[in-house]
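One structure is given below, encoded as structure tokens.
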Amino acid sequence: MSGRGCSIVWFRRDLRVEDNPALAAGVRAGAVVAVFIWAPEEEGHYYPGRVSRWWLKHSLAYLDSSLKSLGTSLITKRSTDTVSTLLEVVKSTGATRLFFNHLYDPFSLDRDHRAKEVLTAQGIAVRTYNADLLYDPWEVHDDQGLPFTTFAAFWERCLSMPYDPEAPLLPPKRITSGDVFRCPSDTLVFEDESEKGSNALLARAWSPGWSNANKALTTFINGPLIEYSMNRRKADSATTSFLSPHLHFGEVSVRKVFHLVRIKQVLWANEGNKAGEESVNLFLKSIGLREYSRYMSFNHPHSHERPLLGHLKFFPWVVDEGYFKAWRQGRTGYPLVDAGMRELWATGWLHDRIRVVVSSFFVKVLQLPWRWGMKYFWDTLLDADLESDALGWQYISGTLPDGRELDRIDNPQIKSVWRLCPTELIVVGAVKPAYEFEGYKFDPNGEYVRRWLPELARLPTEWIHHPWNAPESVLQAAGIELGSNYPLPIVEIDAAKARLQEALSEMWQHEAASRAALENGTEEGLGESEALPVAFPPDTQMDVDVHEPARNNNPTMARRYEDQMVPSMTSSLLRVEEEEVSLDLRNRATDSRAEVPTNVNVNQEPRREVLNQGVMQLQAVRSNATPPQFNIRIGLQNAEDSMAESSSNSSRRERDGGVVPVWSPSTSSYSEQFVGEENGIGTSSSFLQRHPQSHQLMNWRRLSQTG
DNA sequence: GCGTTTTTCGT
DNA sequence: CGAAAAACG
């Protein structure tokens with residue numbers, strides 16, 4: 001593979017030189033031009049937030065200096081069209097090969113697919129690799145070759161695959177630089193003047209860059225990991241790994257994390273250290289959730305905008321921007337929620353447990369549309385990650401096949417103890433006032449609340465999580481005047497509970513009506529247009545500050561059935577409306593599909609729908625009649641690859657980078673149908689028990705029909 | 001100790 | 001809600 005021309009190594013969210021298969025392949029092939037392309041407008045509404053861009057800026061600088069010490073440097077390009085920019089880079093450097101690592105978010109799946117097609121058509125050899133996951137999504141499936149729909153089963157399989165995840169690669173010793181001088185870098189601007197001040201503080205707490213990521217990993221493994229199972233629920237303990245932003249940008253490979261952690265586990269197991277072993281399992285589970293988020297995103301490319309189970313689209317969301325604002329500012333009147341929201345705003349960071357608290361409060365108490373919350377997380381979290389956050393919010397909203405349901409209100413009658421969903425806010429037990437509020441579980445001494453809500457700092461612990469119950473004298477002594485320097489609860493919990501039940505019964509009513517309509521064939525019966533997910537509205541319409549409604553505790557407030565509207569919080573840098581994009585893409589995909597190179601032996605069915613390559617493979621695996629097939633294969637392969645390919649089976653390895661995850665935008669109709677199918681379900685769990693396979697079957701059948 | 005009841009917890 | 005763990009007697 002060496003010889004004429006150099007290789008482009010296209011860096012994206014794999015900003016490291018160690019265990020970077022694309023870089024390693026480039027180095028193996030000869031001279032390398034490393035390039036990073038900044039085209040955030042392509043991410044649609046998910047233009048990275050301020051802190052995320054701050055991280056990226058520093059991570060890129062770090063990568064550049066690492067590459068320089070190895071013999072080349074990082075070319076940076078500003079672009080509004082990544083694929084044509086790639087093409088330019090190829091032309092100007094005379095490259096003949098392109099290497100990059102897989103991403104699994106819907107934007108990347110589509111863009112990478114196009115990149116591969118376009119460059120392959122230009123005679124460029126495109127090779128891609130798994131660098132982000134233990135296993136590529138299409139490697140993990142059940143015995144029938146179908147993707148898992150529950151996390152537990154998925155993760156169990158991951159941990160018992162017939163082959164281990166790849167061992168991490170060492171960094172290259174030296175990189176032969178391609179003709180980088182023929183391809184000048186653009187200066188990338190990641191923060192504007194107004195953001196610099198806020199960003200200045202970040203550097204005190206965080207150090208982006210791949211070798212800092214390694215340091216964080218080592219620190220964690222040698223320190224807090226062993227206590228992980230004990231401490232994981234404390235809101236402010238420094239016992240998490242703090243790896244998530246590093247992992248998001250690929251500064252450290254998850255496979256390296258996995259291997260090192262596993263080694264520790266074996267060690268502790270030998271010593272009979274049960275707690276340590278358990279800690280590792282728990283930590284690995286959180287790694288597994290990250291894997292699962294990619295898995296879900298790959299198999300259900302719309303999971304960042306549509307509930308996976310369809311009933312939620314009938315939930316009457318409270319569309320109240322005043323609530324939304326109060327939540328963002330940490331002025332809901334619930335100390336733990338408010339402390340969390342202020343920490344998020346101030347630092348871009350939240351402990352996982354607090355994320356659950358604030359997002360549950362958002363969905364279940366305020367009943368605001370979940371996507372608003374997800375968008376806010378995206379804009380403010382240092383480790384904002386589309387797939388992980390989508391999974392998290394869907395989990396909270398009760399729309400995952402294995403998640404808990406939205407309406408988990410326990411035994412209201414039996415014991416006059418009720419909870420608004422398990423771990424979240426409230427556990428009432430008349431007997432134990434100290435544990436009346438869930439806050440005490442995560443923050444038993446109120447230290448976390450006091451840190452982030454100085455106005456409550458002088459309140460005794462007894463009342464710190466429910467100041468509205470405190471006697472007036474106590475409040476006075478603490479210098480608190482509720483409704484003045486700290487808000488009264490924005491929503492009474494009982495009122496919220498009643499409203500939630502009301503909303504849920506409304507949801508099921510609508511859902512049943514819709515199902516009935518479907519069965520009668522009168523599909524349009526119940527305001528489908530109203531209930532159908534709508535894409536993002538024009539920014540102005542949702543601009544949060546345009547019209548702030550008076551804070552009303554009025555129970556009859558605006559409710560809407562569109563859970564798809566997301567206020568725009570970033571200054572509008574968006575290029576096009578989403579519909580336009582997908583329309584555009586649909587055409588493009590259809591047009592280009594026929595042009596997929598078919599000069600490769602494995603590409604036996606070039607005309608096959610490329611809708612979801614993972615699925616295609618899995619079907620092949622299941623039937624066992626044909627080996628897995630990749631409908632898109634890159635042009636030039638060497639003989640080894642072809643042989644590996646033709647002898648492949650379900651447990652094949654993809655070390656040598658033939659596969660690019662493919663998603664074509666016609667999936668939009670696919671997901672709609674998925675949701676549509678699920679509308680026929682009364683409760684997801686019972687349905688799944690009765691028809692454990694129906695998810696996949698209906699799903700995949702639909703898929704092949706769309707072809 | 002061990003059957004029974006209570007509490008916890010869940011991606 | 002239902003399984004698993006803890007607490008009870």
Side-chain angles (χ1 to χ4, degrees), chain A residues 137 140 147-159 229-230 232-234 240 244 274-275 278 281-300 303-304 307-309 312 350-360 363-364 370 373-374 377 385-432 434-442 444 501 504 508 681-690 695:
Chain A
V140 184
F148 292 102
T149 55
T150 57
F151 171 73
F154 164 81
W155 188 231
E156 194 185 331
R157 173 57 57 94
C158 285
L159 291 176
S229 66
M230 312 265 89
R232 78 206 141 102
R233 56 178 44 168
K234 296 279 155 50
T240 55
S244 55
K274 199 77 181 80
E278 187 53 26
N281 284 334
L282 274 164
F283 176 68
L284 285 181
K285 186 176 159 190
S286 68
I287 296 290
L289 285 166
R290 180 184 174 281
E291 297 268 312
Y292 191 56
S293 72
R294 270 78 178 151
Y295 189 76
M296 293 305 272
S297 175
F298 179 75
N299 286 304
H300 309 287
S303 53
H304 66 294
L308 225 51
L309 297 181
L312 196 71
L350 266 192
H351 189 286
D352 179 61
R353 284 285 142 175
I354 304 301
R355 296 183 196 204
V356 172
V357 168
V358 300
S359 56
S360 289
V363 169
K364 289 167 186 171
W370 65 277
M374 188 177 122
F377 270 23
D385 182 284
L386 197 53
E387 297 98 308
S388 291
D389 291 347
L391 183 70
W393 282 88
Q394 293 233 16
Y395 166 64
I396 295 299
S397 309
T399 55
L400 295 178
D402 52 353
R404 6 166 154 149
E405 314 229 336
L406 185 57
D407 59 345
R408 286 285 304 285
I409 296 171
D410 287 20
N411 302 349
Q413 279 82 30
I414 299 174
K415 300 173 79 182
S416 74
V417 169
W418 65 273
R419 304 152 66 184
L420 192 59
C421 196
T423 7
E424 283 64 50
L425 210 55
I426 306 290
V427 180
V428 174
V431 222
K432 306 184 204 165
Y435 291 95
E436 186 168 353
F437 295 92
E438 189 83 354
Y440 291 101
K441 193 153 132 195
F442 302 128
Q501 274 172 334
L504 286 166
W508 291 119
I681 302 172
T683 61
S684 56
S685 49
S686 62
F687 178 84
L688 282 173
Q689 276 155 19
R690 278 182 281 123
H695 250 72

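In the text below, chain A, chain B and the rest are named by the order of the sequence lines, each starting its count at 1.
Considering only residues two or more places apart in sequence or on other chains, A/Ser244 meets the side-chain contact (heavy atoms from CB on, under 4.5 Å) condition with A/Trp349, A/Asp383. Every residue meeting the salt bridge (Lys or Arg N to Asp or Glu O under 4.0 Å) condition with A/Arg294, not counting sequence neighbours, appears here in chain and number order: A/Asp132, A/Asp385, A/Glu387.
The two residues A/Ala390 and A/His304 have their closest heavy-atom pair at CB-CA, 3.6 Å.
Aromatic stacking of A/Tyr395 on B/dT11: satisfied, with centres closer than 5.5 Å and planes within an angle under 30 degrees.
When rounded to the nearest whole Å, the span between CG of A/Leu400 and P of B/dG10 equals 15 Å. Distance, A/Glu156 CD to B/dT11 P: 13 Å, rounded to whole Å. In this entry the distance linking CG of A/Leu391 with P of B/dT11 reads 11 Å, nearest Å. What separates CZ of A/Arg353 from P of B/dC9 is a distance of 8 Å, to the nearest Å. Taking atom CG on A/Asp402 and atom C1' on B/dC9, their separation rounds to 15 Å, with Å as the unit. For A/Leu282 and B/dC9, the CG to P distance is 12 Å, given to the nearest whole Å. Atom P of nucleotide B/dT11 and atom OH of A/Tyr295 are separated by 17 Å, given to the nearest angstrom. The CZ atom of A/Arg290 sits 16 Å away from the C1' atom of B/dT11 (whole-angstrom rounding).
Counting only heavy atoms from C-beta outward, the side chains of A/Trp370 and A/Thr399 never approach each other to under 4.5 Å.
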